[in-house]
A.B. asks: 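First, the structure itself, so that you have it in front of you.
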Amino acid sequence: MGDRSLYDFIDDNPLLEAHPVDYVNDPVIIARNEKMVSVNATLEVDLDGACNSEYVNGRQFSAAGGQLDFVRGAYASKGGRSIIVCHSTAAGGTISRIVPVLSGPVTTPRNETHIVVTEHGWVDLKGKTAAERVTALIGIAHPDFREHLARRG
């Protein structure tokens with residue numbers, strides 16, 4: 001993770017800190033930063049707000065990484081926000097990324113999803129009822145899929 005010149009620059013440099021992942025991904029440590037904003041990508045969001053950021057077509061595409069750590073840390077930060085982003089469609093516009101039911105594991109649980117953004121807008125799910133979440137998420141889905149989602153929601 002870097003070359004000799006990088007490590008020479010870091011060594012004894014009072015302007016820098018280096019910590020292991022169990023420190024930098026600790027939600028309690030993350031939340032100490034006021035107005036913390038985390039931005040994480042996802043592959044799909046169900047109508048309750050749960051996110052699958054790992055699987056596509058039943059196959060692992062990515063890993064959870066520190067997504068949930070930063071979602072929780074930013075959400076707990078004073079004035080912080082957790083933002084989940086995705087395109088509204090996949091496969092050349094033939095598949096909606098806002099879905100009735102996830103096709104893979106839950107990376108970010110519905111009750112911890114704060115703000116969701118697509119190219120069709122953004123919604124703040126914090127404090128919304130299940131019915132309000134459905135309506136809000138359909139509103140940022142691609143227009144070609146909104147009617148189908150409304151029937152399923």
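Since this is a predicted model, take the numbers as computed values, not measurements.
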A.B. asks: With a 3.5 Å distance limit and no angle check, can you tell me whether Arg97 reaches the backbone of Leu43 through a side-chain donor-acceptor pair?
C.D. replies: yes

A.B. asks: Using only atom types and a distance under 3.5 Å, with no angle test, would you say the side chain of Ser77 pairs donor to acceptor with the backbone of Lys35?
C.D. replies: yes

A.B. asks: Between Ile138 and Ile98, is a side-chain contact (heavy atoms from CB on, under 4.5 Å) present by the stated rule, with each step listed?
C.D. replies: CA-CA 7 Å; Ile138 290 171; Ile98 308 290; 5.6 Å; no

A.B. asks: Grab the two heavy atoms, one from Arg32 and one from Tyr23, that are nearest each other, plus how far apart they are.
C.D. replies: NH1-OH, 4.4 Å

A.B. asks: Is there a donor-acceptor pair closer than 3.5 Å between any side-chain N or O of Glu119 and the backbone N or O of Ser88?
C.D. replies: yes

A.B. asks: For the CZ atom of Arg59 and the CD atom of Glu54, what is their distance to the nearest 0.5 Å?
C.D. replies: 16.0 Å

A.B. asks: Report yes or no: does Thr42 contribute a side-chain atom to a donor-acceptor pair with the main-chain N or O of Asn52 at less than 3.5 Å?
C.D. replies: yes

A.B. asks: Can you name the nearest heavy-atom pair linking His142 to Thr89, along with the distance?
C.D. replies: CB-CG2, 3.5 Å

A.B. asks: Please name the pair of heavy atoms, one in Ser38 and one in Phe70, separated by the smallest distance, quoted to 0.1 Å.
C.D. replies: OG-O, 3.3 Å

A.B. asks: With the side chain counted from C-beta on, respond yes when Cys86 and Thr118 share a heavy-atom pair under 4.5 Å apart, and no when they do not.
C.D. replies: yes

A.B. asks: Could you tell me which non-hydrogen atom of Gly121 sits nearest to which non-hydrogen atom of Ile140, and how far apart they are?
C.D. replies: C-CG2, 3.6 Å

A.B. asks: Which distance, rounded to the nearest 0.5 Å, do you find between the SG of Cys51 and the CD of Glu112?
C.D. replies: 10.5 Å

A.B. asks: Does the side chain of Tyr55 come within less than 4.5 Å of Pro105's, by heavy atoms?
C.D. replies: yes

A.B. asks: Indicate the atoms forming the closest heavy-atom contact of Ala136 with Val123, along with that distance.
C.D. replies: O-CG1, 3.3 Å

A.B. asks: Looking only at side-chain N and O atoms, does Gln67 offer a donor or acceptor that is under 3.5 Å from a partner on Ser53?
C.D. replies: yes

A.B. asks: Hey, what do you get for CG (Leu125) to CG (Leu137), rounding to the nearest 0.5 Å?
C.D. replies: 5.0 Å

A.B. asks: For the residue pair Phe145 and Ser96, what are the closest heavy atoms and their distance?
C.D. replies: CG-CB, 3.5 Å

A.B. asks: Can you tell me if Arg146 uses its side chain to pair, donor with acceptor, with the backbone of Gly139 under 3.5 Å?
C.D. replies: yes

A.B. asks: Do Asp48 side-chain atoms and Ala50 backbone N/O form a donor-acceptor pair below 3.5 Å?
C.D. replies: no

A.B. asks: Supply the atom-to-atom distance Asn25 CG to Ile30 CD1, rounded to the nearest 0.5 angstrom.
C.D. replies: 5.5 Å

A.B. asks: Nearest 0.5 Å, please: how far is CG in Asn111 from CZ in Arg133?
C.D. replies: 7.5 Å

A.B. asks: Measure the spacing between OG1 of Thr113 and CG of Leu68 and express it to the nearest 0.5 Å.
C.D. replies: 9.0 Å

